2 protein chains.
Amino acid sequence: MGRTPAGQTRRKIYTFVRDRIIRGRPPTVREVQEAFGFRAVQSAREHLEALVSEGLLSKEPGRARGFGLPDASGYGPPARLVPLLGRVQAGQLTTALEEPDGYLATQSRLPEQELFALRVRGRSMSGAGILPGDIVIVRRQATAASGDTVVAMVGDEATVKTLKIKKKRIELHPQNPDFAVIVVADSEINILGKVVEVRRYLEDPKTG
Amino acid sequence: MGRTPAGQTRRKIYTFVRDRIIRGRPPTVREVQEAFGFRAVQSAREHLEALVSEGLLSKEPGRARGFGLPDASGYGPPARLVPLLGRVQAGQLTTALEEPDGYLATQSRLPEQELFALRVRGRSMSGAGILPGDIVIVRRQATAASGDTVVAMVGDEATVKTLKIKKKRIELHPQNPDFAVIVVADSEINILGKVVEVRRYLEDPKTG
DNA sequence: ATGGATACCAGACAAATGTCTGGTATGTCA
DNA sequence: TGACATACCAGACATTTGTCTGGTATCCAT
């Protein structure tokens, strides 16, 4: 019946669908139909197919709620959750991973198992903008390049430091003049991973 | 046939389903069945229903891919995307919001429209651990409390500062001795919002 | 005006998916 | 041992959902 200017409804349908996907469940064709007051399923379907042709949506034909966001859409890969660990003590990483304090949404393409998040204690990295209470997201790896910010075991607890590789030894540099450089033989270093992201929540992220 | 120790398979199914929801589309009962090698749909169904009873999953009966993550699950609300703006110039916030540089996954419960993200320029907030290139996530609001980290218009560009409310005037404090405090009459202040989160990507978040 | 494109509609069919009934085997515990 | 719960299976049915065919109305450019 009535007719909408070209592209207007289309755009709204796109935002609607995208929002639903991000929230965890794409809409069915009929849900789109109802949300926009179409009297025919086909109307919704045509818009949706058009959005797929434009590359704004992807879809798996024949499957219920088959729409998705294409990887190359600039909206980032689908989010996934990374376990947040309160603290990690000697040899306890695997155990800690099984009982996380919570989960953080990230957009990393890495397998979930390769990432974890850790709450920072102490001011030893303040000079690098990593403050107590901040959360670092870490990619698990046993080695790292000189200059990388890493999580390593120092004594019996995991700490964040800047890695410096020297000829015969390895140094863990704090970024704060009040703390001392830690020097270890390269056979003794125990690197848990490399920091790929730092986060700071200035208010409760759940309520805020 | 074979039988698995109590709860083991159940736990794996939970992780599987949760992961799929976060990625944007919950599995069907039959997808769970196949993923775990059940020879009957009902087996998968029983596990799923049990997870709902335990409160680990929510579901809408009768609907395709009807499972979801309960809000109170501790895994945070479903992720949603916040638009990332490269820079904001005078009066351009609304325009900028329509053409974001990308999107970031967050777990905020706030409506999507109330949040935006901004890339930080300059070292004026280094003392607060906010470095150039960092991303701040901002809740849109025209006022804020003294001491809050805010995004405000200074000249014709948005900048991040600490807000101090004095008797008759408002001060925007940098956190860096090299920068000067900005003093404005409280009628002239133009606050875009309050910083609720700071992020720093130490390697390319898409490849990393 | 006319052909084409867009936006929408009505009704149906078929596949995907949720749900159900009734069963077997294995473990736990009184 | 027997009652009970758990884990699983086989096969079917009903609903939801994707898909299709054929149509009307409006706008635009030629």
Side-chain angles (χ1 to χ4, degrees), chain A residues 1-70, chain B residues 1-70:
Chain A
M1 280 286 136
R3 169 111 179 264
T4 328
Q8 294 238 311
T9 304
R10 173 108 9 125
R11 188 116 211 119
K12 283 183 188 169
I13 291 183
Y14 168 63
T15 334
F16 174 81
V17 174
R18 197 187 66 199
D19 194 60
R20 299 287 286 273
I21 293 171
I22 292 160
R23 282 176 154 71
R25 181 162 48 215
T28 64
V29 178
R30 278 173 182 81
E31 280 169 4
V32 174
Q33 177 198 349
E34 280 171 42
F36 287 84
F38 293 127
R39 268 172 285 179
V41 211
Q42 187 63 3
S43 303
R45 228 177 89 79
E46 278 162 9
H47 280 295
L48 289 166
E49 294 294 347
L51 287 167
V52 172
S53 302
E54 294 174 31
L56 290 170
L57 294 177
S58 65
K59 95 167 236 196
E60 288 186 57
R63 330 226 68 202
R65 303 179 192 275
F67 295 94
L69 294 175
Chain B
M1 277 286 137
R3 172 118 175 259
T4 327
Q8 295 237 310
T9 303
R10 179 104 82 233
R11 186 118 212 118
K12 283 183 187 168
I13 291 182
Y14 168 62
T15 330
F16 174 81
V17 174
R18 197 187 66 200
D19 194 59
R20 297 288 285 271
I21 294 171
I22 292 160
R23 282 175 156 71
R25 180 162 50 216
T28 64
V29 178
R30 279 175 181 80
E31 280 169 5
V32 174
Q33 176 199 349
E34 280 170 41
F36 288 84
F38 292 127
R39 268 173 285 177
V41 212
Q42 188 63 2
S43 303
R45 229 177 88 78
E46 279 161 9
H47 280 294
L48 289 166
E49 293 294 347
L51 288 167
V52 172
S53 302
E54 294 173 31
L56 289 171
L57 294 177
S58 65
K59 95 168 237 195
E60 289 187 57
R63 332 225 67 201
R65 305 181 189 273
F67 295 95
L69 293 174

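Letters go in sequence order (proteins before strands), and every chain restarts at 1. None of the values given here were measured: they were computed from a predicted structure.
A distance of 14.0 Å separates CG in A:L69 from CZ in B:R23, rounded to the nearest 0.5 Å. Here the CZ-CG distance, from B:R18 to B:L56, works out to 9.5 Å after rounding to the nearest 0.5 Å.
Between the C1' atom of D:dT15 and the CD atom of B:E60 lies a distance of 15 Å, rounded to the nearest Å. Per the geometry, CZ belonging to B:R39 stands 13 Å off P belonging to C:dA25, to the nearest Å. In this entry the distance linking CZ of A:R30 with P of D:dT16 reads 10 Å, nearest Å. Rounded to a whole Å, the CD atom of A:Q42 is 15 Å from the P atom of C:dT6. Taking atom CG on A:L51 and atom P on C:dT6, their separation rounds to 13 Å, with Å as the unit. The nearest whole Å value for the distance from the CD1 atom in B:I13 to the P atom in D:dT6 is 15 Å. Rounded to an integer number of Å, the gap from B:E46 CD to C:dA25 C1' is 14 Å. For the pair B:K59 NZ and C:dT17 C1', the computed distance is 11 Å after rounding to whole Å.
Neither OP1 nor OP2 of C:dA7 sits under 4.0 Å from any side-chain N or O of A:S43. For C:dG18, neither phosphate oxygen OP1 nor OP2 lies less than 4.0 angstrom from any side-chain nitrogen or oxygen of B:R63. Considering only side-chain N and O atoms, B:H47 lies nowhere under 4.0 angstrom from the phosphate OP1 or OP2 of D:dT6.
Residue-level contact check: B:R45 touches the bases, meaning some heavy atom is under 4.0 Å from a base atom. Looking at heavy-atom distances under 4.0 Å, B:T28 makes contact with sugar-phosphate atoms alone, never a base.
Considering every non-hydrogen atom in both B:A44 and B:V29, the closest pair reads CB-O, 3.7 Å.
Using bins of under 30°, 30° to 60° and over 60° for the plane-to-plane angle, the ring pair A:H47/A:F38 lands in the parallel bin.
For the side chain to side chain contact (heavy atoms under 4.5 Å, CB included) criterion with A:F67, the lone passing option out of A:L48, A:T28, A:V32 is A:L48.
If you find the closest nucleotide of DNA chain D to B:A64 and to B:F38, the one lying nearer the 5' end belongs to B:F38.
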